[in-house]
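See structure below.
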Amino acid sequence: MALITSTKMFEKAIGSDYAVGAFNVNNMEIIQGIVDAAKEESAPLILQVSAGARKYAKPIYLVKLVEAAMADTGLDIVLHLDHGEDFEICKKCVDDGFTSVMIDGSKYPLEQNIELTKKVVDYAHSKGVVVEAELGKLAGIEDDVNVSSQDATFTDPDQAVEFVERTGVDSLAIAIGTSHGAYKFKGEPRLDFERLKKISKMLPDTALVLHGASTVLPEFVEMCNNYGGKIPGAQGVPEEMLREAAKYNICKINIDTDLRLAMTASIRKMFSENPSEFDPRKYLGPARDAIKEMVQHKIKNVLNASNRL
Ligand code: G3H
Ligand code: 13P
Ligand code: ZN
């Protein structure tokens, strides 16, 4: 087993009806829960690390934990930088042994995004590392979702073609209505499938990526609410929409919020039922189990990625 790039994974997933799960990792229990689920499901796996995760755990710990996870499970894993904000962090991750990096230039005008992405692609490719970029801006719950503001922020299909051609990027994150966190939609959940279909038709060989794709599982929101501070109004992307998106070249589906909710719900429940407990293994162990169960559910029922190795 080894750290691998996502190239072959995406070649298989493109044009299919499944997507690879990309899960954000911050510590040992999260990594163990995810890899044990992927192992049981024989599913391809991307573990991703944000700048915040690098700061929290230190890069070397995360790299070594992922190496341990591969040795323990025999799985090949993609180690990916999530939302790299500049060339320097992408370079650091490439040099640290990551096999995939995301350069997120989505906040810049098109030309600047292309220039920055191309610089990262040139460096990463020279070291055998693949690159994800982002074009368009993810919706925020506070944003007005009227058609004109949507057109201004969602990924423009013509620009996407130009962007991929000029940067040589390996995969492209697109904005079609998802957003990060637990509050994704003001009213009815809605994704712009027409836009997605158009982009996948115009870029038939490019793996597309969906950020902000947690389903915000009601059972965990309810558990969090029952055992502590409330998370009112939480709303995620419906499972059937994600399954549908996988049919149109969404090859990578990013999940972080659902991991946070599963872990927090389990820990809150534990402390509520055992307020005098102070052995960390007694709350981190069940939290790890909750993550494993949730990830297994995702792989089977949302990503449709079981037995795809
Ligand atoms: O897209 C962002 C991920 O959920 C990572 O979040 O920057 O708080 O680690 P973070
Ligand atoms: P969620 O907040 O929906 O889990 O999205 C995570 C993500 O896109 C990480 O890059
Ligand atoms: Zn993201």
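Just so it is clear, the model here is predicted, and its values are computed rather than measured. Sequence positions, counted from 1, serve as the residue numbers for this chain. Just so you know, ligand 1 is whichever comes first in the structure, and atom 1 is the first atom listed for that ligand.
- A donor-acceptor contact under 3.5 angstrom links the side chains of Tyr123 and Asp95, judged on distance only.
- Ligand 1 places these atoms under 4.0 Å from at least one heavy atom of Asp256: 3 (C), 4 (O), 5 (C), 6 (O).
- One distance of note links SG of Cys93 with CG of Leu79; it measures 8.0 Å at 0.5 Å rounding.
- Considering Arg308, Lys247, Lys12 as possible partners of Asp17, the one that fulfils the salt bridge (charged side-chain N to carboxylate O under 4.0 Å, His left out) test is Arg308.
- Under the side chain to side chain donor-acceptor pair (under 3.5 Å) test applied with Asp122, the options Lys118, Lys119, His125 reduce to a single match, Lys118.
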Glu11 and Lys8: CA distance, side-chain angles, deciding distance, salt bridge (Lys or Arg N to Asp or Glu O under 4.0 Å) verdict: CA-CA 5 Å; Glu11 274 169 14; Lys8 288 214 168 74; over 6 Å; no

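- When only interatomic distances are considered, the shortest N/O to N/O separation between Asn26 and ligand 1 does not fall below 3.5 Å.
- The proximity of Asn24 to ligand 1, defined as any non-hydrogen pair under 4.0 Å, is limited to the side chain.
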From CA spacing to verdict: side-chain contact (heavy atoms from CB on, under 4.5 Å), Tyr108, Glu115: CA-CA 10 Å; Tyr108 298 118; Glu115 194 185 323; over 6 Å; no

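- Considering just the N/O/S atoms of His83, the one nearest the Zn ion (ligand 3) carries the name NE2.
- For Lys298 and Thr215, the side-chain atoms include at least one donor-acceptor pair closer than 3.5 Å.
- Residue contact check: His180 has heavy atoms under 4.0 Å from atoms 1 (O) of ligand 1.
- Salt bridge status for Asp96 with Lys92: absent, with no side-chain N to carboxylate O gap under 4.0 Å.
- Protein residues with a heavy atom closer than 4.0 Å to ligand 2 are Asn24, Gln48, Asp82, His83, His180, Gly181, Lys184, His211, Gly212, Ala213, Ser214, Asn254, Ile255, Asp256, Thr257, listed by chain and number.
- Proximity of His83 to ligand 1, defined as any heavy-atom pair under 4.0 Å, is confined to the side chain (atoms from C-beta onward).
- Taking every non-hydrogen atom of Ser50 and a distance limit under 4.0 Å, the qualifying atoms of ligand 1 come out as 5 (C), 7 (O), 9 (O), 10 (P).
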Test salt bridge (Lys or Arg N to Asp or Glu O under 4.0 Å) applied to Glu134 and Lys107, step by step: CA-CA 9 Å; Glu134 180 164 327; Lys107 64 174 183 257; over 6 Å; no

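- Distances from ligand 1 to the non-hydrogen atoms of Arg260 include at least one value under 4.0 Å.
- The pair Glu111-Arg166 counts as a salt bridge, with a side-chain nitrogen and a carboxylate oxygen less than 4.0 angstrom apart.
- Looking only at N/O/S atoms, His211 comes nearest to the Zn ion (ligand 3) through ND1.
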